[in-house]
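Chain A is the first sequence line, chain B the second, and so forth, proteins listed ahead of strands; every chain is numbered from 1.
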Protein chains: 2
Amino acid sequence: MALAQAILTSLLEKPCTGAELARRFDKSLGHFWQATHQQIYRELGKLEQDGLVRAHGLAATRGQQRHFEVLATGKAALESWCAEPGEPRPIRDELLVRLRAAAVLGTVDVRVELLRHQGMHAQTLDRYLAIEANDFPADAQKTVADELQFAVLRAGIVYEQSWLNWCEQTLSHAPAIQKPALVEVWPPAD
Amino acid sequence: MALAQAILTSLLEKPCTGAELARRFDKSLGHFWQATHQQIYRELGKLEQDGLVRAHGLAATRGQQRHFEVLATGKAALESWCAEPGEPRPIRDELLVRLRAAAVLGTVDVRVELLRHQGMHAQTLDRYLAIEANDFPADAQKTVADELQFAVLRAGIVYEQSWLNWCEQTLSHAPAIQKPALVEVWPPAD
DNA sequence: GCACACATGTAAGATGTTACATGATTAG
DNA sequence: CTAATCATGTAACATCTTACATGTGTGC
C-alpha cells in the first residue's frame, strides 16, 4: 500500500529510470521499505496508468531506458495520503515463532540462532550508525527536511538497538535454555 | 512461511477447531504473528493434505466443527523447521514512509500522526505489561518453557518501548517540524 | 418459525517472491 | 564478434486482506 507513495517520494527527489529507482531503494528507502525491481516496475506501470507519473521513453520495450517523473496530480495524491492516519505494524519475526515452538517442543537449542541474530542486528546497527555519522553529524545545522530524514534513520537505529538488547537479555538466561528438558504438553497424537 | 509452524505449535499445546485456533491467535500468538481465520483454514487444509495434522469431522462441510491435532510427522516437521536459521525482519512501517514523504513535500504536519502512534504504542505496551504482571511475576519460579515464552513477550515489550522512545524523541524536535517551510527539491513536472 | 451468533468456506484482488526471458550497451 | 552487464519485462506462485456466502445450533 505504501510502495506507490515511497516511489512517488523518491521520484520527487529526483526523476529517474526504474532500475535507478530500484538501486536507490536498496540504499536509502530500502532500509525501511524494501522492494524488488519487479514490484517497482509493476507499481510504476500502475502509477503511469493512473496519471500520477509520466514516462519519457516507449512503453513495453525491453532494454530501453524509461525516465519517470511525478506529475502535479501525483504530488497532490502523495500529499493527501501523507496526511492520512495509519496503523503501526506489530512485530512479526520468525524467530519469535521459533522460540514459541521451542518452548512447546522442549527439544531445540535456540542459543545458536540467538547469537546469529545478535550478530546480524549488530551489523545492521553499525550500518545505520555509519550513515548517521556521515549524513547527520551532531554539530551540523539541520533543516526541517533533515530532521525528518534523521527521524527515520533514528527509527532504524532504535529498532536494531532494541533487538540487540533483547538478544543479550535472552541469552543471559541461556544456561536455563541451552539444554531444555522435554516437557509433555499433550499426549502425542498419532 | 511461519504460519504453518505457528499453527502446529498452537495445536501441539492443545488440539482444537479452526475457529478456536483463530481466537487463540488473537490472544497470544497474535501478538507477534497475526492471521485471519481464512489464512488459518487454508493453512489447516494444506497441513492436512501434507499429513502433518489429522482432523476429526467431515471435510468441506460448512457449519460443522472440525477438531485438529498434530501427528508425529507434524511434530517432526516442526522440530526440523525450528532448528533452521532465519533472517530477521527489517522495519517496515508506513509511518516512516510518511515522514520521508513529508520531508520531501515540506507541506505536511506530522505531529498529529506521531502523537496518535505514541498513544497506540503506549496502549499496546500496557497490554503486554499486564500480561507480564499476570503470567510472569518477578518472584515466580520459571521453567525452561516459561523462560522462552517470557522472552517472546519481552520482545514485544522492548519493541513497543523502542517505538515509544522514538516517538518522544521525534516529537521533542516537533517545533522544527510543526510548520515546515516549503522546500523545492525538484522543478515541479507537468 | 425467526433472529442471531458461530464455524466453515469461496472468491477476488493486492502484495511479495522467485525464476527466467529479451533487447540494448559496452568492453575485450 | 562475443561475452558481460544493464534495463526492462513476463510468468508463476505464495501470502495477505476483504468481502461475502452457507450451514449449524441456540434463544425467544
* Report yes if a side-chain nitrogen or oxygen of A:K46 is closer than 4.0 Å to either non-bridging phosphate oxygen (OP1 or OP2) of C:dT15; otherwise report no. => yes

* Ionic contact status for A:E48 with A:R66, cut-off 4.0 Å -> yes

* Establish, from distance only, whether the side-chain atoms of A:E79 and B:T107 form a donor-acceptor pair under 3.5 Å. => yes

* Asked: Whole-Å distance between C:dG9 P and B:I40 CD1?
  -> 13 Å

* Structure fact -> B:Y41 atom OH is separated from C:dT10 atom C1', nearest whole Å, by 13 Å

* Asked: Given A:H56, which of A:E69, A:Q65, A:H67 fulfils the side-chain hydrogen bond (donor to acceptor under 3.5 Å, both in side chains) condition?
  -> A:E69

* To do: Rounded to the nearest angstrom, tell me the gap between atom CZ in A:R89 and atom C1' in C:dG16.
  => 11 Å

* Structure fact -> The contact string for nucleotides 18-27 of chain C, one letter per nucleotide 5' to 3', using protein heavy atoms under 4.0 Å with B, S and - for base, sugar-phosphate only and none, comes out as BBBBBBS---

* Separation of atom CZ in B:R66 from atom P in D:dG23, rounded to whole Å -> 17 Å

* Cation-pi between A:R23 and A:F25: NZ/CZ under 6.0 Å from ring centre and within 45° of the ring axis? -> no

* Asked: When the distance from NE2 of A:H67 to P of D:dC6 is rounded to whole Å, what number comes out?
  -> 16 Å

For residues 89-99 of chain A, please give each side-chain donor-acceptor pair under 3.5 Å, one per line with the distance, not counting sequence neighbours.
unit_1, atom_1, unit_2, atom_2, d
A:R92, NE, B:Q34, OE1, 3.2
A:R92, NH2, B:Q34, O, 2.9
A:D93, OD1, A:L95, N, 2.9
A:D93, OD2, B:R89, N, 3.4
A:E94, OE1, A:R98, NH1, 3.1
A:R98, NE, B:W81, O, 3.1
A:R98, NE, B:E84, O, 3.1

* Which nucleotide in C:dT17, D:dT8, D:dC16 has an atom nearest any side-chain atom of B:Q39 -> D:dC16

* To do: Specify the separation, in whole Å, of atom CD of A:E43 and atom C1' of D:dT8.
  => 17 Å

* Asked: Of the candidate nucleotides D:dC16, C:dG16, D:dT8, which contains the atom at the shortest distance from the side chain of A:R92?
  -> D:dC16

* To do: Before accepting this row, confirm whether a basic side-chain N of the pair A:R116/B:E87 lies closer than 4.0 Å to the acidic partner's carboxylate O.
  => yes

* Asked: So, does A:R24 use its side chain to make a donor-acceptor pair with the main chain of A:K14 at under 3.5 Å?
  -> yes

* Asked: Could you give the CG-to-C1' distance, from B:L44 to C:dA7, as a whole number of Å?
  -> 12 Å

* Asked: Can you find an N or O donor on one side and an acceptor on the other, under 3.5 Å apart, linking the side chain of A:R42 with the base of D:dG9?
  -> no

* Cut-off 3.5 Å, side chains only: do B:E113 and B:H117 have a donor facing an acceptor? -> yes

* Asked: Given atom CD of A:E87 and atom P of D:dT18, what is their separation to the nearest angstrom?
  -> 11 Å

* Near DNA chain C, which residues from residues 17-26 of chain B have a heavy atom under 4.0 Å away? -> B:T17, B:G18, B:A19, B:R23

* Donor + acceptor pair across side chains of B:T143, B:D146 (<3.5 Å) -> yes

